[in-house]
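Here's the structure we're looking at; comments come further down.
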Amino acid sequence: MNLFCVGLSHHTANVETRERFSGHAQTDCILRGAGCTEALLLTTCNRVEVYGAAAARVSTEEIIRCLARQIDQQLCQDASAFYRYEDAECGRHLFRVTCGLDSMVVGETEIFGQAKKAYESARASGAAGPYLHRLFQRAFRAAKQVRTQTDITRGSVSVGSVAVDLAEKIFGHLSGRKVLVLGAGETSERTARALVSRGVSDLRVSNRSMDRAAELARLVAGRAICFDEWPEQCREIDILITSTSSEAPLLTPENLAPMLRDRIDRPVFIIDIAVPRDVDPSVNEMEGVYLYDIDSLQSVAQQSLALRRQQIAAAEAIIAEHVADFWESGTARRCADSTHSAMRESPLRVTEL
Amino acid sequence: MDRYLLIVSSVCFLAALVRTIAALRAGVFRPGRFNFLAVGLGFIFQTAFLSIRGRALGRCPITNLFEVFIFLAWSIALIYMLIGPAYRLSLMGAFTAPLVFLIQTFALLAPIDVRHAVKLPANPWLEFHASMSLVAYGAFALACIAGVMYLVQERQLKTHQLRSIFYHLPPLTDLFAAITRLLWWGFALYTLGLASGFFIGEPLPRVQVVCAFGVWLLYAAILQGRHFRQLAPRRVAALCIVGFSAALTLLWGITFTAQMHSLP
């Protein structure tokens, strides 16, 4: 039995090309018509891949034709963007994909869910049988092991989630924390939403335009505060998100010091996403104040990404073990063969796998 | 024979230390259960050693500098075993193991296991005083370790340079709560130990008493500063390191002078 993967991804093709080969509702059926015993289509915004098992080799061109949304002249040109992996290499590729090693953002976990969904859908339609079942189950196991034994998914890689992660590193649980959003911009809205999703319930919004403050407060289930009151609010709050269009810094060590006088053992986390900045950088040197501007948040995101890249070798080692165990032992192949012949005798057993 | 138990115990702490260093070098710092198990196993061997030594001496095994260091290492491991899982500070094992390993290895290698020519008479007040003080030192040692963890994390947050270890450290507020609890526990035990010293029935060297009160006052000042919000958490964390260094120096002085006095 020939186990193979044919596809294209962000590594080999641009979005226009990927769009042309994103498959369609009948792709599974057509693939099986082309000679695949089992076939599974994995489509995400970054990749289009077909995983299949066939008694005889199915050509790459045949698969490309099955994936094409329209048969046109450009088909032959685009064929060069496709890659093909067979047997053990096919396994290795899938394991790397589910672990997030082949993703645009290394270590992202969304692909795991997408692969799982694709597998469930193929299994439900009967397009995936024992070969793909074993291959995908092993891929999910490998991905879980990589996730728990390496730091490949550690740290956040977007500004909003970095801010929320840092808040959790300072305060622990965010449920009892008070947040003030100063300036009702789009990024502060996203960050406020992220904080709410992690349990923040006391959220105050202040803006020069009270209408805009009220609108954002309604969107994030917070309450609007008059703009003149924000200095007073700083005495109570734990997290400040600021993004006003002020030309001069709103917060300086001089005006922040009196606000912090009574809260020496309560840290304050300031997220300054305004350009020009709303907070004087020297505020970060004050006791118990953690100031992050847009550049430092982006720098943390880059550090997380670099940290994830450092973990690639460790993740590859785990994957290599799984590939060796899955393929070189030959057990998987024998098991699949015997299960496959048993299934031909009794189709009901597919659901038992 | 009993020293072999201690060597095995040191190997357990060394295992935790090696794993921590390897993880740090690889940029993968994961506390996991290994540190807790390694410290737990080391603690069991320490307990076996102290039990055998205590039975042989017919009293609490803190009769020389060697035994005092082992008892201190045991106290640190004990407090870690008690508070580690309770306050989600499993990572503390990674910091505790090196400290215990260093104390224990020094005790094993240095020629300080001097047996007394004459069997020392049992004095329950003296044993209570010494053992309470040493357990208090264990709590102060853990507060010092938590202080180091706090400062490491605080520094990374301030400089915006987050390393692998950052993602495994407990939140700042949790760490500070643990430091405060450890300080209170240590202070209460130390006060008990200090008070019981007055019932020993033997005259105590004036310098020792003054130094012991100095350490007590230092911790009292830290706790007062914390309680009345006069000290920022970062300063409390730094003072935990200063306090434990002072306590350790005092302990060295006490046992060293006690040994000098016991020499014929």
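Naming convention: chains lettered A, B, ... in sequence-line order (proteins, then strands); numbering from 1 in each chain.
- For B:Arg226, the part lying under 4.5 angstrom from a heavy atom of chain A is the side chain only.
- The side-chain hydrogen bond (donor to acceptor under 3.5 Å, both in side chains) test with A:Arg277 singles out one residue from A:Asp272, A:Asp295, A:Asp293, A:Thr242, and that residue is A:Asp293.
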Would A:His322 and A:Arg141 satisfy side chain to side chain donor-acceptor pair (under 3.5 Å), going step by step from the backbone distance to the final call?
CA-CA 9 Å; A:His322 277 276; A:Arg141 249 173 73 193; 4.9 Å; no
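- Side-chain contact, B:Gln104 with B:Ser9: a donor N or O sits under 3.5 Å from an acceptor N or O.
- With a 4.5 angstrom heavy-atom cutoff, A:Gln303 touches chain B only via side-chain atoms.
- Contacts of A:Leu297 with chain B are absent, with no heavy-atom separation under 4.5 Å from either backbone or side chain.
- Contact annotation for B:Gln153: only side-chain heavy atoms (C-beta onward) come within less than 4.5 Å of a heavy atom of chain A.
- Using cut-offs of 30° and 60° for the angle between ring planes, the B:Phe213 and B:Trp216 rings count as perpendicular.
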